[in-house]
Amino acid sequence: MYALVDINGAFVAMEMVFRPADRNKPAVVLSNGDGCIIAANKIAKQLNGFAMYAPAFQLEDVLNKNNVLRFSPNFELYVDMSRRFIKELSFFTDKVEVYSIDEAFLDLDIKNIDFTDYGQLIKRTILKNLDLSVGIGIAPTKALCKVASKIAKKFTERTNNVYVIDSEEKRVKALKWLPIGDVWGIGSGFAKKLLQLNIKNAYQFTQLTDSWVLKNMTVVGLRLKHELEGKSCLQLETIKEPKKAIGTEKAFGKLIADYELIKEATSSYVEYCAGKLRRQNSVASAIVVLLETNSFSTSDEQYYNRTVVSLPIASNNTTYLVKNAVDGLNRIFKNGLRYKRVGISLIGLYPDNSIQGNLFVNHNPKHSNLQKVIDQLNLKYEQDTIRLATSGLNKQLWESKAMLRSPRYTTRLNELLNISGDVLNR
DNA sequence: TCTGGGGTCCTAGGACCC
DNA sequence: TCTGGGGTCCTAGGACCC
């Protein structure tokens, strides 16, 4: 049996850990630039006229009228809380798959336990130690865990946040209950297609033939069907594989025409991603650079372009990667346009201990010691203590603002929670 | 005025190899 | 008359996830 443990309303819940006085208020977390609503607590979701993922400015009235608390995204906090969440889970089994920032699959291959009791124990532990509430679905396959977890969350009064699918009867009942569009792995595209065929729930989906599913939904769809039938096809991936791509693309705070500022942003993104690249001991063999105007504008000239810069020698050296990314930017940059976003992605990643040489390029590793020292300083003090001059000093001119970001309570010494001031006075 | 960001996997088709 | 067979690698596009 597997378990899926999932933090309820994760981002808002993580904010509320440090704001106990605000727990009964509606609250949302917004996307970069305070654009869209990406997370909300139950109270906010139940408000009249509320819509998840809507642009915040469209819901201005609803948010103001109900005094909804708004937060800029604070991923540094969420990532750290997530790390603590996984640590708690690892006390229950050493087979943990970190599935996302707020979810993990566990292998419950443990003899003589009552799964419901065990789930409740996990739930109580996370609540006690982290002040976060979770939902837990337990079943013989991962896809069925997802189904069980939905039931656990939907019918909290009956399930107390833990639901186990451990019989054929429960499986069929659960699948008949689950609308096709809510099935893990069925997105809006396939949901639409299946509804046209009068497939309305997960159970009906499992009644299709294997060959139809294979032909129309590839092997991915077929695996899902088997999983829902109770035949496990998706293994627990407990070993964290290195990423195959590391990228960043973000909207600017305002539209930007100035090449120098866009170059700064590009350099700064590469610097950030190259750090992640080195931390997973990889090198990149190519860089994607993309540039985009504001697609929502009806008056501005529209432009979208991307290019792939192949590197003669794979590398994880910031200076070298930045230089090549800027070459890419130069290829696609057009004067006279107002840009909304630049993005870079390091691709073709492989381990840094097996770099393929190049007969025709003189590889000069003289920067690698410098790079190490910079990384050490940035680790010891703070991110960006030392950075490239090409990443510039004008961040405030292009970076989107995060006016509503809460303190990074658990990762910055100068943003620690002040108990008497921050909590008791609230 | 304001409209998210960061990933994975699969397939088809085109180019190439011997 | 008859025009192979078995591969790899890359890219674009489409699907999905949180």
Side-chain angles (χ1 to χ4, degrees), chain A residues 4 6-11 28-39 51-61 63-64 70-75 78-79 82 97-105 142-143 146 149 180-194 213-224 233-234 237 240-255 269 272-273 276-277 280 285-286 288 290 292-300 306-308 310 338 340-349 399-404:
Chain A
L4 174 70
D6 174 341
I7 302 173
N8 295 329
F11 294 166
V28 297
V29 173
L30 303 167
S31 61
N32 180 47
D34 298 335
C36 291
I37 294 166
I38 58 167
M52 199 64 178
Y53 310 113
F57 76 91
Q58 285 177 2
L59 262 60
E60 199 68 28
D61 288 347
L63 300 180
N64 286 340
R70 275 160 267 194
F71 296 94
S72 303
N74 189 350
F75 278 96
Y78 310 149
V79 166
S82 175
E97 172 181 341
V98 180
Y99 178 66
S100 77
I101 195 162
D102 66 343
E103 286 168 85
F105 285 104
K142 284 174 152 186
K146 276 276 185 180
S149 140
I180 190 69
D182 291 347
V183 177
W184 183 48
I186 308 262
S188 57
F190 284 135
K192 202 176 154 195
K193 201 166 168 180
L194 289 163
V213 176
L214 178 64
K215 192 176 154 211
N216 292 280
M217 300 174 69
T218 78
V219 295
V220 180
L222 187 57
R223 278 200 287 259
L224 172 64
C233 315
L234 302 171
E237 288 163 24
K240 197 171 157 203
E241 294 292 331
K243 284 196 169 62
K244 295 173 177 173
I246 297 175
T248 290
E249 54 175 294
K250 279 191 206 140
F252 301 126
K254 55 184 183 210
L255 298 179
Y269 293 171
Y272 172 70
C273 291
K276 283 190 179 177
L277 186 69
Q280 71 162 29
S285 49
V288 183
L290 64 88
E292 189 179 0
T293 51
N294 181 14
S295 58
F296 290 100
S297 167
T298 47
S299 49
D300 275 16
R306 48 172 268 159
T307 186
V308 180
S310 300
R338 303 201 306 154
K340 172 79 178 166
R341 178 195 318 271
V342 69
I344 69 101
S345 190
L346 306 176
I347 61 168
L349 310 189
E399 198 173 45
S400 70
K401 292 168 198 71
M403 304 290 286
L404 308 170

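Below, read A as the first sequence line, B as the second, and so on, with proteins coming before strands; counting in each chain starts at 1.
Here the nucleotide nearest the side chain of A:Tyr99, chosen from B:dG7, C:dC16, C:dC18, is C:dC18. Taking every side-chain heavy atom of A:Lys244 into account, B:dT8 is the closest of B:dG6, B:dT8, C:dC18.
One finds no side-chain N or O of A:Lys240 lying less than 4.0 angstrom from the OP1 or OP2 phosphate oxygen of B:dG7. Between B:dG7 and A:Lys276, a contact under 4.0 Å exists linking OP1 or OP2 to a side-chain N or O.
Rounding to whole angstrom units, CD1 of residue A:Ile344 and C1' of B:dG7 are separated by 14 Å. Rounded to an integer number of Å, the gap from A:Glu237 CD to B:dC9 C1' is 11 Å.
When heavy atoms are screened at a 4.0 angstrom cut-off, A:Ile186 is found touching the sugar-phosphate backbone but no base atom. Among the heavy atoms of the strands, none lies under 4.0 Å from A:Val98. Backbone-only engagement by A:Lys146 is indicated by non-hydrogen atom pairs under 4.0 Å involving sugar-phosphate atoms exclusively. A:Ser188 comes within 4.0 angstrom of the backbone, heavy atoms only, and of no base. Residue A:Ser295 is classed as having no contact, given no heavy-atom separation below 4.0 Å to the nucleic acid.
Nucleotides B:dG4 and C:dC17, compared at atom C1', are 15 Å apart to the nearest Å.
Side-chain atoms of A:Gln280 come within 3.5 Å of backbone atoms of A:Lys243 as a donor-acceptor pair (strictly under, hydrogens ignored).
Taking the ring centroids of A:Tyr272 and A:Tyr269, they lie at or beyond the 6.0 Å cut-off.
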Write down the protein N/O and nucleotide N/O pairs, taken from nucleotides 1-4 of chain B, whose separation is under 3.5 Å; answer none if there are no such pairs.
unit_1, atom_1, unit_2, atom_2, d
B:dT3, OP1, A:Lys340, NZ, 2.7
B:dT3, OP2, A:Lys340, NZ, 2.9
B:dG4, O4', A:Ser31, OG, 2.8

